[in-house]
A.B. asks: 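This is the structure I have questions about; it appears just below.
Keep in mind that what you see is a predicted model, and the values were worked out from it rather than measured. Below, all heavy atoms of this structure are taken into account, side chains as well, without hydrogens, waters or symmetry copies.
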There are 2 protein chains.
Amino acid sequence: MAGTKERILDTTAELFRRYGYTGTGLKQIVADANAPFGSVYHFFPGGKAELGEAVVRRSGQMYLELVTAVFEAAPDPVTGTRDVFSGAAAVLRETDFIDACPIATVALEVANTSEPMRRAAADAFESWLDVLHDRFTAAGIGAPRASELAIELFCSLEGAFLLSRTTRSVEPILIAGRAATAAVQAALPAQVS
Amino acid sequence: MAGTKERILDTTAELFRRYGYTGTGLKQIVADANAPFGSVYHFFPGGKAELGEAVVRRSGQMYLELVTAVFEAAPDPVTGTRDVFSGAAAVLRETDFIDACPIATVALEVANTSEPMRRAAADAFESWLDVLHDRFTAAGIGAPRASELAIELFCSLEGAFLLSRTTRSVEPILIAGRAATAAVQAALPAQVS
DNA sequence: GTCTATAGAAGGATAGAC
DNA sequence: GTCTATCCTTCTATAGAC
């Protein structure tokens with residue numbers, strides 16, 4: 001069985017994804033995690049802010065591993081890009097448009113109110129950009145273009161998460177996915193067939 | 001001088017943009033708006049939820065007018081697209097990365113908690129997509145492609161807002177803007193010069 | 001180290017004087 | 001219709017028993 005600290009982290013990540021940072025209360029967290037209230041302050045003496053930062057870093061790491069796994073399972077970055085978007089669309093549909101980006105809502109909420117949490121979100125996003133950059137350069141795309149392409153893919157995905165969740169439709173993420181896939185394809189060096 | 005109701009609406013829009021829906025308190029709103037507390041319930045009997053929905057619709061309308069004005073001032077949709085992104089980048093820089101999308105934070109917060117507010121945000125986003133669609137078809141782009149292109153542009157802009165605010169850098173929005181501009185250019189029918 | 005009880009502040013909402 | 005005072009809930013945080 002998972003320890004209390006792990007349960008608090010997992011539960012908080014889930015609640016943040018759905019309700020955001022200010023929308024999630026500590027009492028709701030301990031109730032959902034079947035943990036005593038005092039445990040939050042036992043494991044996170046800095047209170048909600050420290051817990052929040054830990055959760056953002058943890059969620060960022062988990063999503064990094066997910067994206068990395070998808071690209072590693074794909075034969076090439078074009079397929080990897082397509083799989084990331086189609087997988088995200090499938091998860092959205094399966095979870096009734098709840099499970100999108102695990103930290104986007106929190107990132108926007110704290111961008112101008114909590115410097116430690118903003119930095120945690122920025123670090124997470126930049127780690128995702130790094131793995132995309134590496135995958136693209138490994139496929140022969142030049143470093144400067146690979147950096148731009150990573151940012152373009154990230155923006156398309158995050159914007160599509162916002163639009164799909166708000167309109168409760170997977171159409172935006174499918175369209176954004178096709179565009180991103182085509183952009184990666186176009187950036188690849190010419191193939192000798 | 002503006003009426004009390006207008007002041008409440010304007011102030012709430014400003015606070016929502018910075019702190020989100022759950023992060024903004026009614027007491028903070030009336031304090032910033034120099035309005036008596038009771039005025040909120042006088043003008044918005046439904047309380048915070050009714051005020052929130054009105055603010056989202058109002059902000060959506062104002063941003064629609066802004067985007068429309070930028071495209072009308074531009075000689076062609078390629079220039080219009082570039083101006084939207086460069087203008088957004090300039091505002092971000094001038095406001096210390098506070099003023100980005102006026103409703104994205106709220107939209108993510110309420111996507112799974114308030115159906116009326118979610119619908120208000122969806123209506124706003126769709127009205128922006130409509131004006132983009134109309135601008136693109138007016139330039140000779142076919143209707144199906146124009147719809148996709150509008151969604152692609154929206155996603156790029158919103159994702160870039162998220163990344164730029166979080167990393168406190170205009171680089172993402174400039175890169176996303178270049179990509180979106182190129183996509184619009186590529187979608188235009190061949191020019192006879 | 002687990003858990004409960006409670007403090008103190010802030011939240012949304014209401015009543016009623018003027 | 002303006003404005004104040006107050007109620008009740010919820011929130012974060014702390015104290016202290018076990």
Side-chain angles (χ1 to χ4, degrees), chain A residues 1-56 105-106 108-110 112-118 120, chain B residues 1-58 105-106 108-110 112-118 120:
Chain A
M1 65 168 230
T4 302
K5 184 175 181 178
E6 296 274 315
R7 282 206 316 283
I8 290 175
L9 286 168
D10 288 344
T11 300
T12 306
E14 187 73 9
L15 292 170
F16 277 8
R17 195 200 285 250
R18 299 189 190 198
Y19 309 117
Y21 180 75
T22 52
T24 300
L26 292 181
K27 293 187 174 169
Q28 187 182 5
I29 290 170
V30 296
D32 287 20
N34 271 89
F37 189 82
S39 295
V40 172
Y41 288 89
H42 174 70
F43 294 113
F44 306 94
K48 192 183 186 184
E50 185 179 339
L51 170 59
E53 185 186 338
V55 166
V56 168
T105 309
V106 176
L108 287 178
E109 284 181 282
V110 303
N112 290 280
T113 56
S114 165
E115 190 61 12
M117 291 196 68
R118 181 196 68 76
Chain B
M1 66 171 232
T4 302
K5 185 175 181 179
E6 296 274 315
R7 280 205 319 281
I8 290 174
L9 285 167
D10 288 344
T11 301
T12 305
E14 186 73 9
L15 291 169
F16 277 7
R17 196 200 285 251
R18 299 190 190 198
Y19 309 118
Y21 179 75
T22 53
T24 300
L26 292 181
K27 292 182 178 170
Q28 186 182 4
I29 290 170
V30 297
D32 286 20
N34 271 90
F37 189 83
S39 295
V40 172
Y41 288 88
H42 174 71
F43 293 114
F44 306 95
K48 192 184 185 184
E50 184 179 339
L51 169 60
E53 185 185 338
V55 166
V56 169
R57 295 197 180 278
R58 183 185 171 89
T105 309
V106 176
L108 287 178
E109 284 181 282
V110 303
N112 292 280
T113 56
S114 165
E115 191 60 13
M117 291 195 69
R118 181 196 69 76

A.B. asks: Write down the distance between CD1 (I8(A)) and C1' (dC3(C)), rounded to a whole number of angstrom.
C.D. replies: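 Rounding to the nearest Å, CD1 of I8(A) and C1' of dC3(C) are 12 Å apart.
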A.B. asks: Under the side-chain hydrogen bond (donor to acceptor under 3.5 Å, both in side chains) test, which residues partner R58(B), sequence neighbours left out?
C.D. replies: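 Checked R58(B) against side-chain hydrogen bond (donor to acceptor under 3.5 Å, both in side chains); matches are E6(B), D10(B).
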A.B. asks: Quick one: side chain to side chain donor-acceptor pair (under 3.5 Å) pairs with a partner in residues 41-56 of chain A, sequence neighbours left out?
C.D. replies: E53(A)-R57(A)
A.B. asks: Which pairs of donor and acceptor atoms, one on a side chain in residues 24-35 of chain B, lie under 3.5 Å apart (sequence neighbours left out)?
C.D. replies:
unit_1: T24(B); atom_1: OG1; unit_2: L15(B); atom_2: O; d: 3.4
unit_1: T24(B); atom_1: OG1; unit_2: G20(B); atom_2: O; d: 2.7

A.B. asks: Taking side-chain hydrogen bond (donor to acceptor under 3.5 Å, both in side chains) as the definition, give me every residue that meets it alongside R17(B), ordered by chain and number, with sequence neighbours left out.
C.D. replies: none
A.B. asks: For T4(B), enumerate each residue passing the side-chain hydrogen bond (donor to acceptor under 3.5 Å, both in side chains) test, keeping only those at least two apart in sequence or located in another chain.
C.D. replies: none
A.B. asks: Side-chain contact, heavy-atom cut-off 4.5 Å: L51(B) with F16(B)?
C.D. replies: no
A.B. asks: Given atom CD1 of I29(A) and atom P of dT12(D), what is their separation to the nearest angstrom?
C.D. replies: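 Nearest whole value for this atom pair: 7 Å.
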A.B. asks: List the protein contact pattern of nucleotides 7-18 of chain C with one symbol per nucleotide (5' to 3'): B for base contact, S for sugar-phosphate-only contact, - for none; contact means a heavy-atom distance under 4.0 Å.
C.D. replies: ----BBBB----
A.B. asks: What is the distance from CZ of F43(A) to P of dG1(C), rounded to the nearest Å?
C.D. replies: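 Spelled out: CZ on F43(A) to P on dG1(C) is 8 Å.
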A.B. asks: Base, sugar-phosphate, or nothing: which does F44(B) touch, judged by heavy atoms less than 4.0 Å apart?
C.D. replies: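 Here F44(B) touches no strand at all.
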